[in-house]
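Inspection log for the structure reproduced underneath, given as structure tokens.
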Amino acid sequence: MNCELDLHNQMLLEEYHTRMPEYIMLRHAVMQQLDNIVSQVDIELNQMESRIKAEQSLIGKLQRKGHKYQSLSDITDILGVRVIAYYNEDVDRIASMAEKYFDIDWANSVDKRKMHQFDSFGYNSLHYICRIPKTTYYDPSHPELNDIAFELQMRTALQHVWSDIQHGLGYKLDIETPVEYHRALSRLAGMLELADNEFSRIRADITAHRRHVGALLEQGKLEDIPLDGDTFTAYLRQQPFDKLNRYIASINNAEIYAASAMSYLPILRRLGMKTLADVEQLKQDSYDDAYQLALSWLGPLDIDILSETIGIQNLCIVHIVKNGGGISGLKRFFDDINGVQSSNADLAEMVMQQAQRLSFAKKG
């Protein structure tokens with residue numbers, strides 16, 4: 001027995017120890033359901049964690065508020081679960097899904113994000129008091145699990161950081177502090193709130209931009225799409241070099257293995273490409289020459305597998321030769337795709353010799 005507690009609270013503490021196996025089973029069931037919820041809405045989380053209130057923490061609570069609790073069931077945060085997302089709107093999406101899968105005790109749940117006055121501070125989260133309904137989870141050998149309440153906290157990563165810092169400073173909302181500290185913490189809380197909102201706004205703008213790029217791609221308006229990481233990724237999803245790859249692979253009846261062409265983005269930029277239309281023009285202007293170059297050096301070889309970057313590789317080589325880049329230009333190209341090594345000079349010279357036998361090299 002704990003001498004720091006009166007008889008009633010000692011009985012609550014004994015009940016806590018007796019029911020610990022139930023809380024452990026409930027914890028497992030709740031986390032399993034939350035995993036399902038998050039996977040359905042496809043949200044990237046910062047973390048998801050749970051804890052069963054430690055004995056000393058419960059004793060402290062009983063010392064402060066034990067008179068409010070008739071039974072252990074009245075303490076709704078013995079099991080606490082926290083879901084930390086990166087964006088405010090993701091917190092709302094998780095909450096919406098939680099409302100579908102859990103029974104929410106609305107009278108005791110609170111959105112502390114909406115409780116702040118203009119000059120207040122204290123960065124908080126969305127708190128739901130929940131139970132698992134039988135429609136979501138039911139263990140006939142432990143039907144009592146559906147009657148135990150637990151606390152579900154949902155917050156952003158920045159809200160979580162603020163909460164941890166505030167806790168580390170030992171600051172509590174209900175304890176008066178010197179006004180200069182109060183004002184300083186209020187300013188910081190406002191900055192974090194602004195940052196949270198800005199992250200959400202920027203993500204929304206990026207999403208809108210990507211949709212716009214997708215629409216332009218569908219409409220074939222490549223001249224309106226600047227060449228950057230986002231747009232080149234979207235362009236590659238259309239497999240623009242697939243036909244050329246298969247054409248080159250037919251020389252040896254080779255198979256094509258998957259490989260990303262994203263490493264060619266800085267090369268294309270250095271070669272003067274500014275829009276996706278420029279890349280498309282490169283493909284159209286040098287398609288046949290790229291095939292002829294591949295034929296000249298792959299034809300005599302017994303190669304049965306090729307990278308799907310073979311098409312864009314040969315297009316770049318042709319472009320360099322046509323535009324007078326010479327051996328030095330080819331060496332820099334091979335340094336880019338293979339890493340700097342002495343053999344790239346020999347490779348550049350060999351490819352140049354092959355190219356000079358073809359008609360397009362005479363235009364360079």
Side-chain angles (χ1 to χ4, degrees), residues 23-24 26-54 57 76-102 104 108-116 120-132 136-137 149-173 184-211 229-230 233:
Y23 283 104
I24 293 173
L26 179 64
R27 180 183 189 178
H28 176 74
V30 170
M31 293 300 287
Q32 194 172 51
Q33 293 305 314
L34 284 171
D35 279 334
N36 293 337
I37 289 172
V38 171
S39 65
Q40 287 184 48
V41 291
D42 190 27
I43 292 174
E44 183 180 0
L45 295 183
N46 177 271
Q47 61 179 297
M48 185 162 63
E49 57 190 19
S50 63
R51 64 99 184 99
I52 296 173
K53 188 179 287 291
S57 178
T76 56
D77 66 344
I78 291 179
L79 172 60
V81 180
R82 184 176 294 146
V83 181
I84 303 170
Y86 288 102
Y87 302 96
N88 272 314
E89 58 271 26
D90 287 344
V91 171
D92 292 330
R93 291 172 66 198
I94 294 166
S96 178
M97 292 297 290
E99 291 166 18
K100 293 180 181 179
Y101 285 88
F102 301 133
I104 312 298
N108 292 301
S109 298
V110 61
D111 188 349
K112 293 190 176 183
R113 302 171 303 175
K114 300 177 180 178
M115 296 176 63
H116 300 136
S120 71
F121 76 99
Y123 220 68
N124 296 292
S125 50
L126 180 58
H127 292 201
Y128 281 177
I129 302 302
C130 310
R131 289 178 177 81
I132 298 186
T136 296
Y137 171 87
F150 63 94
E151 182 180 65
L152 172 60
Q153 294 184 5
M154 295 156 283
R155 59 173 56 154
T156 67
L158 287 183
Q159 289 168 349
H160 184 58
V161 167
W162 171 259
S163 178
D164 275 356
I165 291 175
Q166 179 178 293
H167 184 268
L169 290 172
Y171 188 86
K172 300 293 184 182
L173 290 176
L185 288 168
S186 293
R187 288 196 300 270
L188 285 172
M191 291 171 63
L192 286 175
E193 184 173 4
L194 177 62
D196 244 352
N197 292 336
E198 281 298 291
F199 279 131
S200 292
R201 183 190 63 79
I202 291 169
R203 183 172 76 158
D205 288 348
I206 290 174
T207 299
H209 168 70
R210 288 172 175 167
R211 287 174 180 163
D230 262 355
T233 298

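Keep in mind that what you see is a predicted model, and the values were worked out from it rather than measured.
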With distance as the sole test, does [X] use its side chain to make a donor-acceptor pair with the main-chain N or O of [Y] at under 3.5 Å?
{"X": "Ser96", "Y": "Asp92", "value": "no"}
{"X": "Arg93", "Y": "Asn88", "value": "no"}
{"X": "Ser163", "Y": "Gln159", "value": "no"}

Given the rule in the side-chain contact (heavy atoms from CB on, under 4.5 Å) test, do His127 and Val110 qualify, once you have shown the distances and angles that lead to the verdict?
CA-CA 5 Å; His127 292 201; Val110 61; 4.1 Å; yes
Indicate the atoms forming the closest heavy-atom contact of Ala98 with Ile104, along with that distance.
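Shortest heavy-atom separation between Ala98 and Ile104 comes out as O-CD1, 4.1 Å.
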Show the nearest heavy-atom pair for residues Met154 and Tyr128, with the distance to one decimal.
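Smallest interatomic distance, heavy atoms only, reads CE-CD1, 3.6 Å.
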Could you tell me which residues satisfy ring pair (Phe, Tyr, Trp, His ring centres under 6.0 Å) with Phe102, sequence neighbours excluded, listed by chain and number?
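With sequence neighbours excluded, Phe102 shows a ring pair (Phe, Tyr, Trp, His ring centres under 6.0 Å) to Phe150, given in chain and number order.
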By ring pair (Phe, Tyr, Trp, His ring centres under 6.0 Å) - contacts of Tyr101 (at least two apart)
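With sequence neighbours excluded, Tyr101 shows a ring pair (Phe, Tyr, Trp, His ring centres under 6.0 Å) to no residue whatsoever.
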Spatial distance of atom [atom1] ([X]) from atom [atom2] ([Y]) [nearest 0.5 Å]:
{"X": "Thr156", "Y": "Leu192", "atom1": "OG1", "atom2": "CG", "value": "8.5 Å"}
{"X": "Glu89", "Y": "Ile43", "atom1": "CD", "atom2": "CD1", "value": "9.0 Å"}
{"X": "Met191", "Y": "Asp196", "atom1": "CE", "atom2": "CG", "value": "13.0 Å"}
{"X": "Asp90", "Y": "Ile84", "atom1": "CG", "atom2": "CD1", "value": "13.5 Å"}
{"X": "Gln33", "Y": "Met97", "atom1": "CD", "atom2": "CE", "value": "10.5 Å"}
{"X": "Leu152", "Y": "Glu99", "atom1": "CG", "atom2": "CD", "value": "10.0 Å"}

Does atom [atom1] of [X] have more than 12 heavy-atom neighbours, drawn from other residues, nucleotides or ligands, at distances under 6.0 Å?
{"X": "His28", "atom1": "NE2", "result": "no"}
{"X": "Arg201", "atom1": "CZ", "result": "yes"}
{"X": "Asp42", "atom1": "CG", "result": "no"}
{"X": "Phe199", "atom1": "CZ", "result": "no"}

With side-chain contact (heavy atoms from CB on, under 4.5 Å) as the test, would you mind laying out the steps for Gln40 and Lys100 before giving the verdict?
CA-CA 12 Å; Gln40 287 184 48; Lys100 293 180 181 179; over 6 Å; no
Could you go through the side-chain contact (heavy atoms from CB on, under 4.5 Å) check for Asn108 and Thr76 one step at a time?
CA-CA 9 Å; Asn108 292 301; Thr76 56; 5.7 Å; no
Please determine whether side-chain contact (heavy atoms from CB on, under 4.5 Å) holds for the pair Leu45 and Ile94, giving the CA-CA distance in whole Å, both sets of side-chain angles, and the decisive distance to 0.1 Å.
CA-CA 10 Å; Leu45 295 183; Ile94 294 166; 3.8 Å; yes
